[in-house]
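For reference, the structure discussed in these notes is given below.
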Amino acid sequence: MTATAESNKRPIRRALVSVYDKTGLEELARGLHEAGVELVSTGSTAGRIAAAGVPVTKVEELTGFPECLDGRVKTLHPKVHAGILADLRLEDHRQQLQELGVEPFDLVVVNLYPFRETVASGASPDECVEQIDIGGPSMVRAAAKNHPSVAVVTSPARYADVLAAVRDGGFDLATRKRLAAEAFQHTAAYDVAVASWFASSYAPVDASRFPDFLGATWERESTLRYGENPHQPAALYVDGAGEGLAQAEQLHGKEMSYNNYTDTDAARRAAYDHDEPCVAIIKHANPCGIAVGADVAEAHRKAHACDPLSAFGGVIAVNRPVSKEMAEQVAEIFTEVIVAPDYEDGALEALAKKKNIRVLKAPNGPSHPVEIKAIDGGALLQVTDRLQAEGDDPANWTLATGEALTAAELAELSFAWKACRAVKSNAILLAKDGASVGVGMGQVNRVDSAKLAVERAGAERAQGSYAASDAFFPFPDGLEILVEAGVKAVVQPGGSVRDELVVEAAKKAGITMYFTGTRHFFH
Ligand SMILES: NC(=O)c1ncn([C@@H]2O[C@H](COP(=O)(O)O)[C@@H](O)[C@H]2O)c1NC=O
């Protein structure tokens, strides 16, 4: 196709309008009519247009066939589809339309039945099925295929463009192609939603919890400066749910980077594990401090004190609104990102004194029920790891050896256990007074993780601390490092074939050890 043909505009003389969402419909109809466009429309869409005093032809008048079967058949008729699908560049198609008495459409405006919203509302299966639009996608796909002759619009957000184009001699080919691409994205996402619902809720094929078809669609929200490294192009995509980190509102600061997003994701995961006001400070997806407090300012001081060296340039997540006091503390420290459900009076102003800090507001904690990880040639899907009623509640722990802890001591050990879940495996975390004091993360053996946790805590803080291990000790050696450092109690899943040896070492040292029966690997 030549450059001239690319820029060809096609005047809009006849439009087919069939919309479930009637937003902006009257203005659109009026504008089209004033520009001399003839309108053809379905049942209630035609009703609304006529009520606005705009002349409109009902589809039934065009087809000579009544809308029937409760709206299941309205536009599914050759007089409609031939009018959309005729390639007007071809003499033969133009000739055939004439012989058949079919007039072509230049514009198709359709939006679909709200299938996803109906499912989300908890409607019955029959009601959901009834909301699967058949005629709408057929028209959208037909018009998008035939974009050399027809412009297609699927969202009220595009109506202003339509009215501008109508006054300006129509859409050019490049724009019709873009609209067609949008239209196919729209119907593809719609069908993925239908197919996913069928596969997982309506007609699951086997007893496993996993559907045989996994459909998901994302839309590009923004292009990022680069990915994990500067030579990796990257972009942010959002899903339709609309309430996670990807949709967080940025209140201040520089553009978020790829690494900012991954660290912020890890930070939120950590902070929202705790019921009390909690602050997690993350670097490279690992906590360099995590603490609970009477309020967020105290939690932040305690989290920062864990490892002030590493907290430089960290990412902070809070599970409560940020107070002015906390914001003033944070503004003293070089921080890449802070994310919270909200900001109290004066907090944002205090943070905004720092030009570069990115301030995000994300109203809810992480809620995604499943996690997907791309691997070469495929993807792994798992139910998201969360704290469990069994295993993560100290009431269900088993005392493996030593004195039972008091309620206050058990709360300390429970904090260590939850905080340890935020640490990349192999993870050992030492805690005191509701704050991490030493974190050993990401080592390929548990002994080194224990050594790292103890070294980071320092002798004084390790003494009398509460230790958690994300998985069992395969040998007593890792535990022995903690014993030597003087920890008061240890919590771990248990379940090693050598549990007896590990328990024996704890017993010999006179410390308390609890088994959770639950493991929290995090990779
Ligand atoms: N069955 C059909 O022939 C048909 N043609 C158009 N629709 C849909 O009916 C709706 C508009 O209907 P109304 O104008 O009656 O509100 C649109 O969402 C459109 O996508 C249809 N409905 C469902 O398939």
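Each ligand, and each atom within it, is numbered from 1 in the order the structure gives.
- Under 4.0 angstrom from ligand 1, there are no non-hydrogen atoms of Gln131.
- The protein atom (non-hydrogen) at minimum distance from atom 1 (N) of ligand 1 is Arg72 O, 2.6 Å.
- Of the options His77, Glu130, Lys74, the smallest heavy-atom separation from atom 12 (O) of ligand 1 is shown by Lys74.
- The distance from ligand 1 to the heavy atoms of Lys22 drops below 4.0 Å at these ligand atoms: 16 (O).
- Counting only non-hydrogen atoms, the option in Gly47, Ser44, Gly71, Ser18 that gets closest to atom 13 (P) of ligand 1 is Ser44.
- Residue Gln382 holds its CD atom at 8.5 Å from CZ of Phe210, rounded to the nearest 0.5 Å.
- For Arg269 and Phe522, the positive end sits near the middle of the six-membered ring, less than 6.0 Å away and at most 45° from its axis.
- Salt-bridge check for Arg72 with Glu130: passed, with a basic side-chain N closer than 4.0 Å to an acidic carboxylate O.
- Using a 4.0 Å cut-off between heavy atoms, Val73 contacts ligand 1 through its backbone alone, with no side-chain atom that close.
- For Ile132, no nitrogen or oxygen atom sits less than 3.5 Å from a nitrogen or oxygen atom of ligand 1, counting backbone and side chain alike.
- Scanning the protein heavy atoms around atom 14 (O) of ligand 1, the nearest turns out to be Thr45 OG1, 2.4 Å.
- Residue Glu67 places no heavy atom under 4.0 Å from ligand 1.
- Salt-bridge annotation for Asp295 and Arg320: absent, with no side-chain N of the basic residue lying under 4.0 Å from a carboxylate O of the acidic one.
- When each atom of ligand 1 is checked for a heavy atom of Leu76 under 4.0 Å away, the hits are 3 (O).
- Put simply, the side chain of Tyr113 never gets that close to the backbone of Thr118: no donor and acceptor are under 3.5 Å apart.
- Cation-pi geometry between Arg220 and Tyr237 is not met: the NZ or CZ atom fails to fall both under 6.0 Å from the ring centre and inside 45° of the normal.
- Between Glu26 and Arg48 there is a salt bridge, since at least one side-chain N of the basic residue sits less than 4.0 Å from a carboxylate O of the acidic one.
- Scanning the protein for heavy atoms near atom 21 (C) of ligand 1, the closest one is Asp133 OD1, 3.8 Å.
- With ligand atoms numbered from 1 in the order given, ligand 1 contributes 14 (O), 15 (O) to contacts under 4.0 Å with heavy atoms of Gly43.
- Listed by number with element, the atoms of ligand 1 under 4.0 angstrom from any heavy atom of Tyr20 are 17 (C), 18 (O).
- Of all protein heavy atoms, the one closest to atom 10 (C) of ligand 1 is Tyr113 CE2, 3.6 Å.
- Nearest heavy-atom pair across Pro156 and Asp21 is CG-OD2, 3.9 Å.
- In this structure a side-chain-to-backbone donor-acceptor pair under 3.5 Å is missing from Arg10 to Asp172.
- Between Ser44 and Lys22, the closest heavy-atom pair is OG-NZ, 3.1 Å.
- In summary, the atoms of ligand 1 found under 4.0 Å from a heavy atom of Met139, numbered by their order in the structure, are 5 (N), 6 (C).
- A donor-acceptor contact shorter than 3.5 Å links the side chain of Glu127 to the backbone of Ser124.
- Among Asn111, Thr42, Val110, the residue whose heavy atom lies nearest to atom 17 (C) of ligand 1 is Asn111.
- Here is the list of ligand 1 atoms found below 4.0 Å of a heavy atom in Ile134: 23 (C), 24 (O).
- In this structure, atom 5 (N) of ligand 1 lies nearest to the protein heavy atom Thr75 OG1, 2.6 Å.
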